[in-house]
Structures are given as C-alpha cells and as structure tokens.
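As a basis for the values below, the full set of heavy atoms in this structure was taken, side chains included, without hydrogen atoms, waters or symmetry mates.
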Amino acid sequence: MKKNLRIIIILCSLSLTFAKYLYAVNNEKQNKKEPWSIVLIPDTQAYVYNSKNAIIFTEITKWISTNKKKENIKLVLHLGDITYYNSPKEWNNAQKSMFVLNNELPYIMCIGNHDIGNGGKSQTRTTLFNEYFKITNNKLNEKLLVETYEKGKLENACFTFSQAGKKYLLLTLEFAPRDKVIDWADKMAKQYSNHEIILITHEFIDEHSQVLSKNKIPLRSSDNTPGNAKRYNLNNHKGGVNNGNNIWNKLILKNKNFILIANGHYMSWEKTAGGELKKLPYIASAHRSDKISGGKTVHQLLFNAQWIPNGGDGWVQILTFYPKQKKIKVRTFSPYLQKKEVKCELDEKDFKFELKMD
C-alpha cells in the first residue's frame, strides 16, 4: 500500500512538472508574438521643484502601474534631471512618485546635470541620487541588476532582461560620462555581446541641430552644441567629459549590439522666417537611425517636455515593440491630461512614429 502511494505521489509530481514545462513553453511562444512596451519619463525637475506640480509626476507613475497589463509594460526608464537643485526636498518628492512602481515594475533612472552639484551649476559630480534610490527599494530592479561601475551607486549600471525570445542589456550612464565610465560600458557591451543593448543617458542628440539641418535629422551633440556636456565645467573636466558624439565614437561604434539610445535634457526650437533660431516652450522630440557597419540599426531618441505648462503636463513616451512585425511604435501620451479629459495624443510625425527593427 505504501509502495503504491509512493508511486502515485511520484507520478503526480512528474505530471505537475510536465504541466509547468508545457505552460512555460507555450507562454514563451505567446510572448514571442505579443507586443510589449517601455515607458520613457522625461525630465521631472519642474515637477519635484514645485510641490503643486509634484502630483503630476505621481499621476504618471500611477497610470503606468494601473495600465501595466493593458499596455504590457515591462520597463520604465527615466531620462535624467530627476531634480532641479539636487536638494533633499526634491529627492523626497521624486521618491514618492517613483516608489509607486516599487514591486510593480522595474524602473531604471539616469541622472542629469541638475542632479549633480547645485543644480548643475557647480563644478562637482556630487549627487544625492544614491541616498534616495537604492537597488533594494524595488525587488524588481534588484532582480535585473548585474553590475555597477561603483559599488552602491546606480548612475552607471547595467541590467539584463529577456523579452519575446531576445536578451537585452539596459545600460545607464551618468551625465557627461567620464572616460573610465565609457571604458567600463565598453567592457559590459562586449561581455554581453549576445544581448541587444538599450542605453539611457541624459545628453546625446538635440533638437537645435534638427532645426538647422537641411534634412531635418538631428545630430549627436558635439563640443559646439549649446548645452552639450563639455559646456559644464565639472571639476575642470577631471577624469574626462564625453558628449553624444564622443559616446557614439568611443562606445557605440565599437560594439555591434546597440539598438536604442534615449535621452532628455534638450529643449524645442524653431527657425523663424528671418532665419533666426527661437526657443519654444513646447515638447522637444527628435529621432534618428544609423546602421552600424557589421551591426544593427541604432535608433536614437530625444524626448523632453519640461518647458510646457505645469512642468511638463504629464507627457510620457510609450515605445511598443512588435517582435513579429519587427518594428517599434512610438507614441506620446499624457496620463495627467487624460484624467482632466483633455485630448492628449499628438498626431504630428515627431510625436507618433514607427521605427524598424533588424
């Protein structure tokens, strides 16, 4: 009797194991077909600086949490300038908003020029970021983390995740990354050569050059670009300072697996009838795509909304990956305006477009 009972238990265990295996296989097959999304949150400095606007930041993260299944959101990326003056009050406000996502979704943040020193005006890289955002705050972040440039500091970090049958490395770099940070990132890219890489860093392409360009394609920031990393006298450039063009040449071109780069920082411009450049209190959005020799097409996106009313009116960008069709649909959306029943999807080509995947 005991022997028969033991056999029954073993058979039940094997059946359960096989059922789990079939579920995993079928689930993976389904995942390969399903579209999935990443949400980009642009500069939030004007939300956290003004307590009146801080609720808008929280409206964003609440919407993301509520709609994670509907949009199949797998990752949330913050593009830097989390704060305005790198102050405790602002970091507290940012913490309250981002912590809505704790144990709901993984979120990865890069720091901007306003998150260091005294709002980017001083000559130091000192930041309160790591005091308010620790890897242990969100177990879903902790699960993805594989390495940081400096122990206990998340401004230069890499995370891995798999989706739709592909392996990804998410790399985040500090504002104006130092030479040794670029070297570290290059080592990570080579170590994870079988992963497709998504990079977030605060300063990369800009809209100023897009307005000047004959083909309306933005350029990666250079030493002459207004607002580029080298215009900030960070400890007299001790350790090196790299802008968009430097990052492209020193890191992206040396590896074949980068697919997407996203940044904030820059503002919107227009060219007047007289040929002069004029700053606009509007959403800054630009994108370009380049095919790397022997590698993949690298899509580069700029998105920032901080100059429009209420510190940004809650605008985010949703990147939906369609594995079967090999494309990414990008749309711009405001959970805050939606709640106020205001039309909140933009139809202009710069705000709603598609990118082809290799």
### SB check Glu150 Arg125 (cutoff 4.0 Å)
no
### Query
Does any non-hydrogen side-chain atom of Ile247 lie less than 4.5 Å from one of Pro177?
yes
### Taking every non-hydrogen atom, the tightest pair across Asn138 and Leu101
ND2-O, 3.8 Å
### Task
Check the pair Asn86 / Asn118 against side chain to side chain donor-acceptor pair (under 3.5 Å), numbers first and verdict last.
CA-CA 6 Å; Asn86 188 29; Asn118 181 22; over 6 Å; no
### Message
I'd like to check Thr297 versus Lys291 (side-chain heavy atoms, cut-off strictly below 4.5 Å). Are they in contact?
### Response
yes
### Query
After noting the C-alpha distance and the side-chain angles of Leu302 and Asn263, does the key distance pass the side-chain contact (heavy atoms from CB on, under 4.5 Å) rule?
CA-CA 5 Å; Leu302 155 69; Asn263 71 276; 3.6 Å; yes
### Side-chain heavy atoms of Phe321 within contact of Asn72, under 4.5 Å
no
### Query
Among all residues two or more places apart in sequence or in another chain, which pass the side chain to side chain donor-acceptor pair (under 3.5 Å) test with Trp248?
none
### Message
Minimum heavy-atom separation for Thr136 and Glu142, please, with both atom names.
### Response
CG2-OE2, 3.8 Å
### Query
Would you say the side chain of Met98 lies within less than 4.5 Å of the side chain of Thr44, judging by non-hydrogen atoms?
no
### Summary
Exactly one candidate in Phe57, Trp315, Phe333, Tyr336 meets ring-ring contact (aromatic ring centres under 6.0 Å, His included) with Trp63; the answer is Phe333
### Task
Kindly say whether Asp313 contributes a backbone atom to a donor-acceptor pair with the side chain of Ser334 at under 3.5 angstrom?
yes
### Task
Give the intermediate values and the outcome of side chain to side chain donor-acceptor pair (under 3.5 Å) for residues Asp223 and Asn243.
CA-CA 7 Å; Asp223 295 2; Asn243 55 33; 3.0 Å; yes
### Separation between CD1 of Ile261 and CD1 of Ile259, rounded to the nearest 0.5 Å
10.5 Å
### Query
Charged N to carboxylate O under 4.0 angstrom, Glu203 versus Arg231?
no
### Query
Nearest heavy-atom pair of Lys167 and Ser162: which atoms, and what distance?
CG-OG, 3.8 Å
### Message
Under the criterion ring-ring contact (aromatic ring centres under 6.0 Å, His included), I'd like the reasoning laid out for Tyr192 against Tyr168: C-alpha separation, chi angles, the key distance, then a yes or no.
### Response
CA-CA 9 Å; Tyr192 291 88; Tyr168 294 92; over 10 Å; no
### Task
Verify the cluster assignment for Leu75 and Leu199: are they in a single hydrophobic cluster under the rule of side-chain heavy atoms below 4.5 Å apart?
no
### Task
Determine the sole option in Ile64, Thr61, Val316 for which the side chain to side chain contact (heavy atoms under 4.5 Å, CB included) test with Val76 is passed.
Ile64
### Query
Is it true that Asp183 and Lys187 make a salt bridge, defined as a side-chain N closer than 4.0 Å to a carboxylate O?
no
### Query
Between CG of Asn53 and CG of Asn310, what distance do you get to the nearest 0.5 Å?
5.0 Å
### Query
Taking a hydrophobic cluster as the set of Ile, Leu, Val, Met, Phe, Trp and Tyr residues connected by side-chain heavy atoms closer than 4.5 Å, whether directly or through intermediates, do Ile111 and Phe159 fall within one such cluster?
yes
### Query
What's the spacing between Ile135 CD1 and Asn130 CG if we round to 0.5 Å?
10.5 Å
### Summary
Between Ile82 and Met109 the two heavy atoms that sit nearest each other are CD1-CE, 3.7 Å
### Query
What are the two closest heavy atoms between Thr148 and Ala157, and how far apart are they?
CG2-CB, 3.9 Å
### Salt bridge present between Lys296 and Asp358 (N-O < 4.0 angstrom)
no
### Message
Under the criterion side chain to side chain donor-acceptor pair (under 3.5 Å), I'd like the reasoning laid out for His114 against Thr83: C-alpha separation, chi angles, the key distance, then a yes or no.
### Response
CA-CA 6 Å; His114 282 274; Thr83 66; over 6 Å; no
### Task
Decide whether Leu144 and Tyr149 are clustered together by the hydrophobic rule: side chain heavy atoms of Ile, Leu, Val, Met, Phe, Trp, Tyr closer than 4.5 Å, transitively.
no
### Task
Would you please classify the geometry between the His265 ring and the Phe175 ring as parallel, tilted or perpendicular, with 30° and 60° separating the classes?
tilted
### Charged tip of Lys329 within 45° of Tyr322 ring normal and under 6.0 Å
yes
#### Entry: Gln210 vs Ile205 side-chain heavy atoms within contact, under 4.5 Å
no
### Query
Taking atom CD of Gln45 and atom CD of Glu90, what is their separation to the nearest 0.5 Å?
8.5 Å
### Task
Compare all side-chain heavy atoms of Asn141 with those of Tyr107 and state whether any distance is below 4.5 angstrom.
yes
### Message
Quick check on Lys256: does its NZ atom have over 12 non-hydrogen neighbours (other residues, nucleotides or ligands) under 6.0 Å away?
### Response
no
### Query
Taking atom CG of Asn255 and atom CE of Met188, what is their separation to the nearest 0.5 Å?
11.5 Å
### Message
As an exercise, state the distance from CG of Asn246 to CD1 of Ile252, rounded to the nearest 0.5 Å.
### Response
12.0 Å
### Summary
Heavy-atom closest pair (Cys110 atom, Asp115 atom, distance to 0.1 Å) is O-OD2, 4.4 Å
### Message
Can you classify the ring geometry of Tyr282 versus Phe351 as parallel (below 30°), tilted (30 to 60°) or perpendicular (above 60°)?
### Response
perpendicular
### Query
Is any side-chain heavy atom of Phe129 closer than 4.5 Å to a side-chain heavy atom of Leu154?
yes
### Query
Linking I/L/V/M/F/W/Y whenever their side-chain heavy atoms sit closer than 4.5 Å, directly or via other members, would Ile73 and Ile60 fall into one cluster?
yes
### Glu71 and Arg331: CA distance, side-chain angles, deciding distance, salt bridge (charged side-chain N to carboxylate O under 4.0 Å, His left out) verdict
CA-CA 12 Å; Glu71 298 283 346; Arg331 77 182 197 272; 2.7 Å; yes
### Query
Mind checking whether Ile41 and Val330 sit in one hydrophobic cluster, side chains of I, L, V, M, F, W, Y counted as touching below 4.5 Å?
yes
### Side-chain heavy atoms of Pro323 within contact of Trp36, under 4.5 Å
yes
